2 protein chains.
Amino acid sequence: MKQTKKARLEAAGWRVSDAAAFLGLSDEERRFVELKLALASGVRQLRERRGLTQAALAKQLRSSQSRVAKMEAADTSVSLDLMMRSLLSIGATPRDIAKLIRKAEAA
Amino acid sequence: MKQTKKARLEAAGWRVSDAAAFLGLSDEERRFVELKLALASGVRQLRERRGLTQAALAKQLRSSQSRVAKMEAADTSVSLDLMMRSLLSIGATPRDIAKLIRKAEAA
DNA sequence: GCCATGTATGTCATATTCGACATAGCGCAA
DNA sequence: TTGCGCTATGTCGAATATGACATACATGGC
């Protein structure tokens, strides 16, 4: 049993229903995390490149600094939706976003 | 005033707080919608290519047929998270997803 | 040292999204 | 026509993500 791995994921905040589900879903789950990580670092990169503080970006998004911080940390409590909206708000084009996503390749 | 456009978006289920916010955010909002549309059609395309019914995909996702239908219709009630998870569950690679996103270019 | 600026982390009530279910529509074979 | 498989749409209570806020931490200038 992948108790160890499961525990690690859960400790990181990733909910896993039961062992079977875990085994069945772990692959996509892992890919999904990779994807979020890629987008998260993309947000930070672009934000800094634009010379924006987290608070400034938050204002653009009508969100809050804490949420931006969590987003860049790929916190499990932030959705892909918010990340995408952030990227678009910063001025990322679909092409830019596609490039970020391709970085989630491998794993 | 962009009353017409605003009304159209709201009729389609896109919440818009007030005129100023609308004017300020419409651009990203529109891009975001394009992006969801691109991913939604990607889900349908890949699902059909795999010979899966909505119900079958729903089962893989531990979701329901209705949610898959709404997802493919790019319903405002479905998140990008669910779309991404679906794509990954269907077997899309980051490269595939990137390609879909690039289709949201223009507008 | 202190203060300012920016970032990280935790919590909360509220808002949004969830899966589930019911049910309607649609195409097609018997 | 009826029946069947698949998809669409609407509505729920439950689950999750949200912005706001407080507060801790880090770095750098004074």
Side-chain angles (χ1 to χ4, degrees), chain A residues 9-18 21 24-25 28-29 32-33 35-37 39-41 43-87 89-90, chain B residues 9-18 21 24-25 28-29 32-33 35-37 39-86 89-90:
Chain A
L9 273 181
E10 284 180 338
W14 297 96
R15 262 169 310 284
V16 165
S17 43
D18 63 10
L25 259 50
E28 295 113 61
E29 207 54 43
F32 187 69
V33 173
L35 216 134
K36 279 187 78 168
L37 287 173
L39 294 178
S41 71
V43 169
R44 166 154 294 172
Q45 226 177 43
L46 286 177
R47 175 180 64 78
E48 290 180 341
R49 191 169 303 169
R50 300 281 188 278
L52 293 173
T53 64
Q54 291 183 344
L57 174 55
K59 191 176 176 185
Q60 274 190 34
L61 293 169
R62 299 164 169 275
S63 180
S64 59
Q65 178 268 327
S66 62
R67 203 127 279 283
V68 173
K70 289 178 219 284
M71 178 166 59
E72 294 184 351
D75 189 288
T76 53
S77 87
V78 343
S79 70
L80 232 42
D81 294 64
L82 188 58
M83 288 188 179
M84 283 296 185
R85 286 180 192 275
S86 298
L87 286 168
S89 175
I90 292 175
Chain B
L9 273 182
E10 284 180 339
W14 298 96
R15 261 170 311 286
V16 166
S17 43
D18 63 10
L25 286 158
E28 295 113 59
E29 207 55 41
F32 186 70
V33 173
L35 214 135
K36 279 187 78 167
L37 288 172
L39 294 177
S41 72
V43 169
R44 166 154 295 170
Q45 229 176 41
L46 286 178
R47 175 180 64 78
E48 290 179 342
R49 192 170 302 170
R50 300 280 188 278
L52 292 173
T53 64
Q54 291 182 343
L57 173 55
K59 191 175 177 186
Q60 274 190 32
L61 293 169
R62 300 164 169 273
S63 181
S64 59
Q65 179 268 326
S66 62
R67 204 126 277 281
V68 173
K70 289 179 221 282
M71 178 166 60
E72 294 184 352
D75 189 287
T76 54
S77 87
V78 343
S79 69
L80 231 43
D81 294 64
L82 189 59
M83 289 187 179
M84 283 295 185
R85 285 178 194 277
S86 299
S89 176
I90 293 173

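In the text below, chain A, chain B and the rest are named by the order of the sequence lines, each starting its count at 1. These numbers were taken from a predicted model, which means no experiment stands behind them.
Rounded to whole Å, the distance from CG on D81(A) to P on dG19(D) is 11 Å. Regarding E72(A), its CD atom lies at a distance of 7 Å from the P atom of dT7(C), rounded to whole Å. Rounded to whole Å, atom P of dT18(D) lies 14 Å from atom CE of M84(A). Rounded to an integer number of Å, the gap from M83(B) CE to dT17(C) C1' is 12 Å. At whole-Å resolution of the value, CG in D75(B) and P in dT9(D) are 9 Å apart. Rounded to whole Å, atom P of dA20(D) lies 10 Å from atom CZ of R62(A). The interatomic distance linking M71(A) (CE) with dG10(C) (P) rounds to 18 Å, in whole Å. Atom-to-atom, CG of L82(B) to C1' of dT16(D) comes out at 13 Å; the value is rounded to the nearest Å.
Residue R85(A) has no polar side-chain atom (N or O) positioned under 4.0 Å from OP1 or OP2 of dA17(D). Applying the 4.0 Å criterion to OP1 and OP2 of dC6(D), one finds that T53(B) has every side-chain N and O outside that range.
With hydrogens and angles left out, the side chain of Q65(A) and the base of dA8(C) share a donor-acceptor pair within 3.5 Å. One can find a donor-acceptor pair under 3.5 Å joining the base of dG10(C) and the side-chain atoms of K70(A). Under 3.5 Å, the side chain of S79(B) and the base of dC18(C) form no donor-acceptor pair of N or O atoms.
With hydrogens and angles disregarded, a donor-acceptor distance shorter than 3.5 Å links the side chain of R50(A) to the backbone of I90(A).
Contact record, A56(A) with L52(A): CB-CD2, 4.0 Å, taken as the closest heavy-atom pair. Taking both residues in full, the closest heavy atoms of L61(A) and M71(A) are given as CD1-CE, 4.5 Å, listed atom of the first, atom of the second, then distance. Of all heavy-atom pairs spanning A58(A) and Q65(A), the tightest one is CB-N, 3.5 Å.
Heavy-atom distances to DNA chain D give each of R67(B) and A55(B) a nearest nucleotide, and the one nearer the 5′ end belongs to A55(B). For E48(B) and S77(A), each mapped to the nucleotide of DNA chain D holding its nearest heavy atom, the one lying further toward the 5' end belongs to E48(B).
Contacts of S64(B) with the nucleic acid, taken as non-hydrogen atoms under 4.0 Å apart, include base atoms. Within 4.0 Å of V68(A), counting heavy atoms only, lies no atom of the nucleic acid at all.
Screening K36(B), M84(B), E28(B) for a side chain to side chain contact (heavy atoms under 4.5 Å, CB included) with M84(A), the sole residue that qualifies is M84(B).
Closest to the S63(B) side chain, of the nucleotides dT7(C), dG19(C), dG10(C), is dG19(C).
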